[in-house]
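Encoded as structure tokens, the structure appears first; notes follow it.
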Amino acid sequence: MAAQVEEATIAAREALSSLRRYTDALDADPARQEWIEARLAALEAVARKHRVETRELPALRDTLAAELAELDAGAVSEAELQQRLAAARERYLAAAKLLTLGRQQAATALDRKVTGFMQALGMPGGVFTTRVEPQDPPAFSTHGNDEIEFLRSANPGQPPRPLAKVASGGELSRISLALQVAAVEAAHLPCLVFDEVDAGVGGAVAEMVGRRLHELSAKGQVLCVTHLPQVASQSDHQLRVSKHVSESKTRTQIEVLDETARIEELARMLGGTTITDRTREHAREMLASARQADAPPQAD
């Protein structure tokens, strides 16, 4: 054990001698130490920002450098972008101009058709006009550069005014019907609903409204709420909607009418609360007349 202690003492003396030589040769630099500590703090801050360990920063730097190089390779100058933007603007304005011309031509044909339908829908002398005007400065949108407004003149000699301001509810419904009939070939609507489209009309005008609705039904389903027998008789199917109150509860009932019930309902719509054989006969004739008008012409 004494020999071991002696050997340990010699080794300790040699280590102490080596430490003294190291400290004598050590050149302490406080500025360098401060820079290193600041550098370590900066690395730790970057690691926290990117949510990685400090030892993972070199790999992250390589990844971001590769992404930046890829972006730089595909980047274009601001001048080139301005040239592309100007060229796209010119193409848009040229296409918008063609669209405006097409809309103006289509509006002329639409105005003529709708005006014609209005004469038969209880609005004699009325004129329908579509205003198509390019916006200045141009408005860049997927719908073109036009401002479009529907106008209506109620009587000959009167200037057309915005439809939304001068048309009543019933007139709006009938003009909407005229628009749908005029555009039936271009529209692809599977179902149309008209509520009180016959408001304010009667007699022959109501019959014309019913015929126009029936024309629309050739291209899709048409649902119409009406109180006029002239309109109801033109339909392919008739439903009766009634309200019932029982035990302080209100219920709405919808019935599909067969031939007999349909004649009774048309007679009620014609004659009110009192239904006579004459009103039933009138209803039967009205229904037959509508079907005859709908029947295809016979070949000679």
Side-chain angles (χ1 to χ4, degrees), residues 1-107 130-150 162-165 183 186-191 193:
M1 289 186 291
Q4 291 176 348
V5 170
E6 184 66 23
E7 291 177 0
T9 302
I10 295 172
R13 288 173 180 171
E14 290 179 353
L16 180 60
S17 178
S18 297
L19 285 173
R20 285 173 178 170
R21 288 194 299 271
Y22 173 77
T23 55
D24 291 341
L26 184 64
D27 185 12
D29 187 355
R32 173 70 176 173
Q33 181 181 355
E34 183 178 352
W35 180 86
I36 291 175
E37 291 176 351
R39 182 67 174 170
L40 288 173
L43 291 173
E44 291 174 356
V46 173
R48 286 194 302 270
K49 177 180 178 181
H50 292 279
R51 299 181 180 180
V52 296
E53 297 293 334
T54 308
R55 62 177 179 273
E56 298 174 358
L57 287 176
L60 177 62
R61 179 187 181 280
D62 294 340
T63 301
L64 295 177
E67 293 180 359
L68 181 60
E70 184 179 354
L71 291 173
D72 289 339
V76 295
S77 65
E78 182 180 355
E80 183 178 351
L81 289 176
Q82 291 294 341
Q83 291 177 355
R84 292 184 184 180
L85 179 61
R89 178 187 176 92
E90 292 299 322
R91 290 196 301 271
Y92 172 86
L93 292 176
K97 184 176 181 179
L98 291 176
L99 180 59
T100 298
L101 294 175
R103 282 172 168 167
Q104 290 172 344
Q105 293 175 358
T130 305
R131 181 177 63 85
V132 181
E133 291 185 2
Q135 300 185 67
D136 187 21
F140 296 89
S141 74
T142 56
H143 302 292
N145 185 41
D146 300 318
E147 188 175 86
I148 302 174
E149 186 176 26
F150 291 147
L163 184 64
K165 296 182 179 179
H188 303 286
L189 299 176
C191 182
V193 180

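Everything numeric in this text was worked out from a predicted model, so none of it was measured.
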As an exercise, state the distance from CG of N145 to CD of E133, rounded to the nearest 0.5 Å.
11.5 Å

Tell me the side-chain hydrogen bond (donor to acceptor under 3.5 Å, both in side chains) pairs involving residues 3-20, sequence neighbours left out?
S17-R21, S18-R21

Calculate, to the nearest 0.5 Å, the distance between atoms CG and CZ belonging to L163 and R131 respectively.
13.0 Å

Taking every heavy atom of T130 against every heavy atom of A107, the minimum-distance pair comes out as CB-CB, 3.8 Å

Can you tell me how far apart CZ (R55) and CG (L60) are? Round to the nearest 0.5 Å.
14.0 Å

T100 and side-chain contact (heavy atoms from CB on, under 4.5 Å): which single residue from R103, K97, Q104 fits?
Q104

As an exercise, state the distance from OG1 of T23 to CG of L19, rounded to the nearest 0.5 Å.
7.0 Å

Report yes if the side chains of L40 and I36 come closer than 4.5 Å at any heavy-atom pair, otherwise no.
yes

State the CZ-CZ distance between R32 and R39, to the nearest 0.5 angstrom.
10.5 Å

Point-to-point distance, once rounded to the nearest 0.5 Å, from NE2 of H50 to OG1 of T63:
11.0 Å

